[in-house]
Amino acid sequence: MSVIGGYIKAGDMMEARVLFEAMPMKDLAVWNVMISGYVDVEDLVASVYLLEAMPFHEVGTWNVILSGFCKARDLESAKNCFNKMPCKNVASWTMMVDGYVKSGDLNEARLMFDEMPEKNLISWTTMIGGYAKNGQPRCTLELFEQLKEQGIKPDVTLIIGIISACSHLGILDVAESIINEYIGPSLYSNLHVITSLIDMYAKCGSIEKALKVFHTTLGKDLLCYSTMIAAFANYGLGHEAISLFHDMQRENVKPDGVIFIGVLSACNHGGLVEEGRRFFKQMIEKYDVQPTEKHYACMVDLFGRAGCLQEAHNLITTMPMAPSTVVWGALLAACSVHHNVELAEVAAAELFKIEPDNSGNYILLSNIYASAGRWHDVSNARSMIRSQRVRKNRGSSWIELGAVVHEFVMADDSHMDADDIYCILDFLTEDMKLSYI
DNA sequence: GATATCCTCA
């Protein structure tokens, strides 16, 4: 039995299976070990096969498989499994609720939650936290009220969900009254709670309070620093973020990939191009952190804003992963700000390939053409939308374009001929047209 | 079975 466990820990299911088959007497424990081993290596077919061959009927075993389906985001199989279960407990129900929450189907999660024959604190936390994470703070607080009416006392995990909901809603007052009511001295020593608090204060506009909590915290860990650095970044306080990054290392906390997203975006928001370039290099060479797409997006944006468009484009071409719309979008936006038509065309071409239906890209490109006075190209970009039947997802965009055109025509140095005027007429509102006649 | 940080603004 312990030998089988060893193979399973090492991920060698083949060897474990051979020993398992050779066992003359198999007890419940060894069946469970085998089945959860298969679930861990995501071989759900094998785990179900064993479950069916198993002479025992135990909720725990079914729950292991159920959690496997939920983890794999295969809600249909999970529901099937759930319906077939000879007996269910609170954990089985909660896992289903959690499965729906994680796949973003809050309605289905709530239906399950309401149907539960009995609920415990974990089920409540799952549902409440689910609303919080999926941007439904109102539902979060309503359910929290219901919980209080039932006389259930919230614990740390639940409070974290509530704090997160309040930070999304921007309602510091509600959050603070909850904190006063439930956060006693014991909760203030919990780093999860503290980190959520720092994040909440920062997101709700009170960096002072965030800092106050941060400074009074002993034994700060990586996430604590990470949250504070990201907060500085969002406030445009680049130097403060960087100095905190150095403090962190003095405290022997090792940086990870997420920390660097904070540091790089702090450089970005603070306009610190030189520092950003240096940290990006250091991250890879000194700290051995592999950049993800988010790091690249940050750098492209940083270079783009600073007007180093060529450098931004070069960086994209060196990316080890396929650049997504986020990265190309950052470049296109930067080209718009710095009036670089050539690179804008490159970025736009890539965006058209990846998301041909997004009208925003065509509009941005035609705006760039417009500000360069290239009316024929403007017209072409617009007809691309017509011919490709691109959905217009923002009606106001054409009006913005109209304003760009209007400004251009009004400028004294716009040498437009009749042909140009013809191209732009479409963009103008009736009022604007009248002013040219 | 539930628990905190993470690119961008047109």
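Predicted model only: the values in this text are computed from it and were never measured. Here is how names work: the chains are called A, B, and so on, in the same order as the sequence lines, proteins then strands, and each is numbered from 1.
Aromatic pair W124(A)/F113(A): ring centres closer than 6.0 Å. Here the two rings, on F260(A) and F245(A), have centers that are under 6.0 Å apart. Here W375(A) and Y369(A) keep their ring centres 6.0 angstrom or further from each other.
Remark: P of dA2(B) and CE of M112(A) are 17 Å apart, rounded to the nearest angstrom. W328(A) has its CH2 atom 16 Å from the C1' atom of dT8(B), to the nearest Å. Taking atom CG of residue L191(A) and atom P of nucleotide dA4(B), one finds them 14 Å apart after rounding to whole Å. Across the protein-nucleic acid pair, F82(A) atom CZ and dG1(B) atom C1' stand 12 Å apart, rounded to whole Å. Atom CG of L197(A) is separated from atom P of dT3(B) by 18 Å (rounded to the nearest Å). Regarding I259(A), its CD1 atom lies at a distance of 13 Å from the P atom of dC7(B), rounded to whole Å. Protein atom CG of N361(A) is 11 Å distant from nucleotide atom C1' of dA10(B), rounded to whole Å. The separation between L244(A) atom CG and dC6(B) atom P is 14 Å, rounded to whole Å.
Heavy-atom neighbours of K88(A) NZ from other residues, nucleotides or ligands within 6.0 Å: above the threshold of 12. More than 12 non-hydrogen atoms from other residues, nucleotides or ligands lie less than 6.0 angstrom from CD of E181(A). Within 6.0 Å of the OH atom in Y49(A), the count of heavy atoms belonging to other residues, nucleotides or ligands does not exceed 12. Annotation for D288(A): atom CG does not count as buried by contact number, only 12 or fewer foreign heavy atoms lying within 6.0 Å. For CD of Q150(A), the number of neighbouring non-hydrogen atoms (other residues, nucleotides, ligands) closer than 6.0 Å is greater than 12.
The side-chain heavy atoms of S164(A) and M200(A), taken from C-beta on, include no pair separated by under 4.5 Å. No side-chain heavy atom of K281(A) sits under 4.5 Å from any side-chain heavy atom of K286(A).
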If you look only at distance, which donor and acceptor atoms sit under 3.5 Å apart when one is on a side chain in residues 126-148 of chain A and the other is two or more places apart or in another chain?
unit_1  : atom_1 : unit_2  : atom_2 : d
T126(A) : OG1    : I122(A) : O      : 2.8
Y131(A) : OH     : R110(A) : NH1    : 3.1
N134(A) : ND2    : G130(A) : O      : 2.9
T140(A) : OG1    : A132(A) : N      : 3.3
T140(A) : OG1    : Q136(A) : O      : 2.8
T140(A) : OG1    : P137(A) : O      : 3.4

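For DNA chain B, the neighbouring residues in residues 140-174 of chain A, judged by any heavy atom under 4.0 Å, are D155(A), T157(A), I160(A). Near DNA chain B, meaning a heavy atom under 4.0 Å away, the residues from residues 227-243 of chain A are T227(A), A230(A). Scanning residues 263-297 of chain A for heavy-atom distances under 4.0 Å to DNA chain B yields S265(A), N268(A), H269(A), K294(A), A297(A). Near DNA chain B, defined here as any heavy-atom distance below 4.0 Å, the residues from residues 117-137 of chain A are N120(A), I122(A), T125(A), T126(A), K133(A), listed numerically.
Distances from the side chain of D98(A) to the nucleotides dT8(B), dA2(B), dT5(B) place dA2(B) closest. Here the side chain of S226(A) is nearest to one of dC7(B), dT5(B), dG1(B), namely dT5(B).
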Start with the C-alpha distance between D199(A) and S196(A), add both sets of side-chain angles, then the distance that settles side-chain hydrogen bond (donor to acceptor under 3.5 Å, both in side chains), and finish with yes or no. CA-CA 5 Å; D199(A) 188 51; S196(A) 313; over 6 Å; no
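Using a 4.0 Å heavy-atom cutoff across all strands shown, V193(A) reaches no nucleic acid atom at all.
Remark: K220(A) is not in phosphate contact with dA4(B), judged by side-chain N or O atoms under 4.0 Å from OP1 or OP2.
Remark: Y225(A) pairs with F214(A) by the ring pair (Phe, Tyr, Trp, His ring centres under 6.0 Å) rule, at least two apart or across chains.
In this structure, H246(A) and F279(A) have tilted ring planes: the angle between them lies in the 30° to 60° band.
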